[in-house]
Number of protein chains: 2
Amino acid sequence: MSPSLDPGQSPPSVAFLLSRLGYDASGEMGKALAGLGLELRQFGLLRLLASAQGGSQRALGAMLNITPNRMVALVDGLEAKGLIERRPHPEDRRAYTIGLTEAGAAAFGQAMQAAFGVEAAMCEPLEPEERAQLLGLLQKLAAARNARAGAVPGVHPGMLERDDQPSEH
Amino acid sequence: MSPSLDPGQSPPSVAFLLSRLGYDASGEMGKALAGLGLELRQFGLLRLLASAQGGSQRALGAMLNITPNRMVALVDGLEAKGLIERRPHPEDRRAYTIGLTEAGAAAFGQAMQAAFGVEAAMCEPLEPEERAQLLGLLQKLAAARNARAGAVPGVHPGMLERDDQPSEH
DNA sequence: TATTGTTATACTCTATAACTATA
DNA sequence: TATAGTTATAGAGTATAACAATA
């Protein structure tokens with residue numbers, strides 16, 4: 001976004017700047033992950049699994065706003081890489097339990113390193129205090145949104161999927 | 001993005017939060033524009049035309065990172081709505097000059113109003129001083145990026161197009 | 001020969017609805 | 001009957017390469 005009268009400048013709007021910078025952040029993150037052979041969405045699932053093991057494929061998909069049919073390909077892809085596993089669900093023979101493999105945990109660690117690299121590069125123009133300030137303000141905004149939305153917050157739908165809007169970015 | 005260990009929380013990372021909030025901002029902007037019968041990309045072109053009249057279709061596309069073939073449909077759509085016009089280029093009979101119509105200028109005004117509404121809603125959780133602070137920090141980041149990238153800055157590729165990364169939103 | 005707008009084709013991604021096996 | 005994962009089909013969106021008119 002950027003409804004400026006000057007095409008070369010972002011307008012003095014938080015929403016526009018967030019949109020622009022967030023898009024760039026996703027892009028750089030995607031590039032960094034591509035170097036590891038990972039896609040943004042794959043990283044999103046790894047990240048979720050690193051904190052929430054044991055969920056069914058469907059339950060994980062619900063948390064990521066990914067429909068069941070698309071979860072198949074996503075899980076297939078990571079399983080083919082040996083980063084995750086479909087394990088038999090202990091209570092439901094229809095379902096699988098998705099879990100990180102050792103290689104998957106290692107790959108996730110590398111991806112997080114890459115993410116921190118992107119973070120550092122993006123914040124490089126800011127003084128340390130400015131960066132802390134910005135972080136606090138963004139967290140406040142995000143917290144308010146999460147409280148409002150009520151559910152399924154935290155995971156950037158962009159790296160995963162969504163149910164309503166922007167796909168262009 | 002959001003490499004947190006807690007799937008319900010964004011991690012303390014500027015990049016992740018920017019990605020998440022920027023995605024939301026685009027989404028809300030898209031919704032607001034949809035109420036006016038406009039898409040994000042269409043708004044992007046209107047916005048550009050409001051400040052840079054007279055460019056050829058190709059030149060405009062270059063500024064928005066939209067390839068010539070896709071500019072055709074974009075211009076077609078807005079021309080069908082009567083918001084822009086293909087006018088004969090004064091110096092090159094192959095090219096057109098794209099210009100806002102009166103209706104287009106009015107629609108752009110309405111879209112800007114909608115954009116400001118989104119801005120206000122998004123910043124509602126912040127105190128006025130916080131908002132000003134956030135705006136300043138985001139502008140500093142954006143300015144540094146523009147200076148680095150060198151060219152074609154300011155316009156959120158997400159509402160338009162891109163040449164490398166995230167399309168998942 | 002290069003460039004403008006345009007079109008044609010193929011390819012990717014997604015959505016919707018079915019199917020199977022369990023519950 | 002409803003739900004897990006899966007598959008099939010169709011649709012939207014995009015990229016690539018061509019094309020006619022003009023430079």
**Asked** What's the shortest heavy-atom distance between A:Thr97 and A:Pro90, and which atoms?
**Response** OG1-CD, 4.1 Å

**Prompt:** C:dT7 P sits how many Å from B:Arg70 CZ, rounded?
**Reply:** 17 Å

**Message:** Do A:Asp24 and B:Arg145 make a side-chain contact, defined as non-hydrogen atoms from C-beta onward lying under 4.5 Å apart?
**Reply:** yes

**Request:** Applying side-chain contact (heavy atoms from CB on, under 4.5 Å), run through A:Leu60 and A:Leu48 and close with a yes or a no.
**Result:** CA-CA 8 Å; A:Leu60 293 168; A:Leu48 179 56; 3.8 Å; yes

**Item:** Selection residues 73-82 of chain B - residue pairs positive for side-chain hydrogen bond (donor to acceptor under 3.5 Å, both in side chains), sequence neighbours left out
**Value:** B:Asp76-B:Arg86, B:Glu79-B:Arg86

Taking only nitrogen or oxygen atoms into account, show me every contact under 3.5 Å that the protein makes with nucleotides 16-18 of chain C, one pair per line with its distance.
| unit_1 | atom_1 | unit_2 | atom_2 | d |
| --- | --- | --- | --- | --- |
| C:dT16 | O4 | A:Asn69 | ND2 | 2.5 |

**Terminal axes of the helix from C:dT1-D:dA23 to C:dA23-D:dT1 (five pairs each): angle between them, nearest 10 degrees** = 10°

**Prompt:** To the nearest Å, how far apart are A:Met71 CE and C:dA15 P?
**Reply:** 14 Å

**Request:** In whole angstrom, give the distance that lies between atom CG of B:Asp76 and atom P of C:dT4.
**Result:** 18 Å

**Message:** For B:Gly82 versus B:Ala103, what's the shortest heavy-atom pair and its separation?
**Reply:** O-CB, 3.8 Å

**Asked** Separation of A:Arg87 atom CZ from D:dG5 atom C1', in whole Å?
**Response** 18 Å

**Message:** Please encode protein proximity along nucleotides 18-23 of chain D as a string of B, S and -, counting only heavy-atom distances under 4.0 Å.
**Reply:** ---BBS

**Request:** Can you tell me the distance, in whole Å, between the CG atom of A:Asn65 and the P atom of C:dT14?
**Result:** 13 Å

**For atom CZ of A:Arg58 and atom P of D:dA2, their distance in whole Å** = 14 Å

**Message:** Applying side-chain contact (heavy atoms from CB on, under 4.5 Å) to A:Met122 and A:Val118, what does each step give before you reach the verdict?
**Reply:** CA-CA 6 Å; A:Met122 277 209 75; A:Val118 170; 4.3 Å; yes

What side-chain donor-acceptor pairs closer than 3.5 Å can you find for residues 107-114 of chain B, not counting sequence neighbours?
none

**Complete:** Rounded to whole Å, NE2 of A:His89 lies from C1' of C:dA21 at a distance of 16 Å

**Message:** For B:Tyr96 versus B:His89, what's the shortest heavy-atom pair and its separation?
**Reply:** O-ND1, 4.0 Å

**Message:** I'd like to check the side-chain contact (heavy atoms from CB on, under 4.5 Å) partners of A:Arg131; sequence neighbours left out, ordered by chain and number.
**Reply:** A:Glu119, A:Cys123, A:Leu126, B:Val14

**Message:** Rounding to an integer number of Å, can you tell me how far A:Gln57 CD sits from D:dT7 C1'?
**Reply:** 13 Å

**Message:** Starting from A:Leu137, can I reach A:Leu135 by hopping between I/L/V/M/F/W/Y residues whose side chains sit under 4.5 Å apart?
**Reply:** yes

**Request:** Heavy atoms only: give me the nearest B:Met29-B:Leu40 pair and the separation to one decimal.
**Result:** CG-CD2, 3.8 Å

